[in-house]
Protein chains: 2
Amino acid sequence: MINQPRRTRQRELIWQALQKQRRFVSSQQVHAWLSKKGHEIGLATVYRSLKSWHESGQLDVIRGADNEMLFRICAGSDHHHHLVCTECGDAFEISSRELEDSIKKIARNKRFRLASHEVEIFGQCENCND
Amino acid sequence: MINQPRRTRQRELIWQALQKQRRFVSSQQVHAWLSKKGHEIGLATVYRSLKSWHESGQLDVIRGADNEMLFRICAGSDHHHHLVCTECGDAFEISSRELEDSIKKIARNKRFRLASHEVEIFGQCENCND
DNA sequence: GTTTGTGCAAATATTTTGCACTTGA
DNA sequence: TCAAGTGCAAAATATTTGCACAAAC
């Protein structure tokens, strides 16, 4: 009935490109990288692929400084946040009981019914903070 | 030498519009609202005003779901995050020692030199969660 | 009178979409 | 076959910028 994803050359290539990266990348970057490798794929196809994978939970997304969407293959399907290195772009998934508890507590204090939350932490990773 | 802000009719009106709002609003919204009130101000002027106030720390900003920047007058100048009601759009500034500590701990565990972080919590406020 | 702000239109930038064509199952 | 995927170009958004003119100090 709905969305039975098909295996196409384009999607294979896009997925492979994502697999090579540990960092978050934009649709534009994926497209440019593939072009450089000689794979002429429509930019719209890249946008559509990343969007649908994100919607089906296979990709994580964060917003870059200039407001663009950056994607990365999502390791676990559990709830988590990200710790991103501002130097090399490397990103780790994090999940902290303590952090979640703090957030719950804040919501409770203000009598909010918690819906969702986003936490993004930026810094320099072990290798980059000389 | 630098940026000595001037008092203009446009800026007065834009600032007043912000003061009437407890929720986060976009440049477009401020502009539309002023237009409706009969104040014909250039959209670019609204963008420029909000941007500069944000840069000077007088406005907070969050990212809307549809990729736009939303601003609000910032109550305190201290470090804080936001608890936003998804129903009425009302937003509270929050600051939690516990939350900050959790974040520091996470960074320390991964041996990151912490640069910055963003936390946004969404839910329904006391009035909206019937 | 000099510097800063404004308005407009054009330029960017990112992402989406309509549509005809192609392809996978 | 035929629904799903693709490419292209155009549209939709959101925001910025160049420039001539106006306003503030």
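Predicted model only: the values in this text are computed from it and were never measured. Protein chains get the first letters and strands the later ones, always in sequence-line order, with residue 1 at the start of each.
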Donor-acceptor contacts, no H, no angles, side chain residues 117-125 of chain A, under 3.5 Å, sequence neighbours left out:
from	atom 1	to	atom 2	distance (Å)
A:His117	NE2	A:His79	NE2	3.1
A:His117	NE2	A:His81	NE2	3.2
A:His117	NE2	A:Glu100	OE1	2.9
A:Gln124	NE2	A:Thr86	OG1	3.1

### Task
Would you kindly give the CZ-to-C1' distance between A:Arg63 and D:dT13, to the nearest whole Å?
13 Å
### Summary
When rounded to whole Å, the CG to C1' distance for the pair A:Leu34 and D:dT6 reads 14 Å
### Axis-to-axis angle between the two ends of the helix from C:dG1-D:dC25 to C:dA25-D:dT1 (five base pairs per end, rounded to 10 degrees)
30°
#### Entry: For B:Lys110, all residues meeting salt bridge (Lys or Arg N to Asp or Glu O under 4.0 Å), sequence neighbours excluded
none
### Between P of C:dC8 and CD of B:Gln10, the distance in whole Å
11 Å
## Note on the structure
B:Glu12 CD to C:dT6 C1', in whole Å, measures 15 Å
What nitrogen or oxygen pairs link the protein and nucleotides 14-16 of chain D at under 3.5 Å?
from	atom 1	to	atom 2	distance (Å)
D:dT15	OP1	B:Met69	N	2.7
D:dT15	OP2	B:Tyr47	OH	3.2

### Query
Tell me the salt bridge (Lys or Arg N to Asp or Glu O under 4.0 Å) pairs involving residues 27-36 of chain A, sequence neighbours left out?
none
## Note on the structure
In 5'-to-3' order, the base (B), backbone-only (S) or no-contact (-) status of each nucleotide in nucleotides 20-25 of chain D, using a 4.0 angstrom heavy-atom cut-off, is ---BBS
### Query
Rounded to whole angstrom units, what separation is found between the CG atom of A:Leu50 and the C1' atom of D:dT6?
15 Å
### Task
To the nearest Å, give me how far apart CD1 (B:Ile14) and P (C:dG5) are.
12 Å
### Message
Run the salt bridge (Lys or Arg N to Asp or Glu O under 4.0 Å) test against B:Arg111 and tell me which residues pass, sequence neighbours left out.
### Response
A:Glu126
### Task
Return the set of residues passing salt bridge (Lys or Arg N to Asp or Glu O under 4.0 Å) with A:Glu12 (not counting sequence neighbours), or none when no residue passes.
A:Arg7
### Message
Quick one, B:Leu34 with B:Ile14, criterion side-chain contact (heavy atoms from CB on, under 4.5 Å). Give me CA distance, side-chain angles, the key distance, then yes/no.
### Response
CA-CA 8 Å; B:Leu34 288 172; B:Ile14 296 167; 3.9 Å; yes
### Summary
B:Arg48 meets the salt bridge (Lys or Arg N to Asp or Glu O under 4.0 Å) criterion, sequence neighbours left out, with none
### Query
Separation of A:Arg11 atom CZ from D:dA4 atom P, in whole Å?
11 Å
### Query
Can you list every pair that meets side-chain hydrogen bond (donor to acceptor under 3.5 Å, both in side chains) and has a residue in residues 17-28 of chain B, with sequence neighbours left out?
B:Arg22-B:Asp90, B:Ser26-B:Gln29, B:Gln28-B:Tyr47
### Query
With sequence neighbours left out, which residue pairs that include part of residues 90-114 of chain A fulfil the ring-ring contact (aromatic ring centres under 6.0 Å, His included) condition?
A:Phe92-B:Phe112, A:Phe112-B:Phe92
### B:His80 side chain to B:Asp60 side chain, donor-acceptor N/O pair below 3.5 angstrom
yes
### With B:Ser56 via side-chain hydrogen bond (donor to acceptor under 3.5 Å, both in side chains) - residues at least two apart
B:Gln58
### Query
Rounded to whole angstroms, how far apart are NE2 on A:His54 and C1' on C:dT16?
16 Å
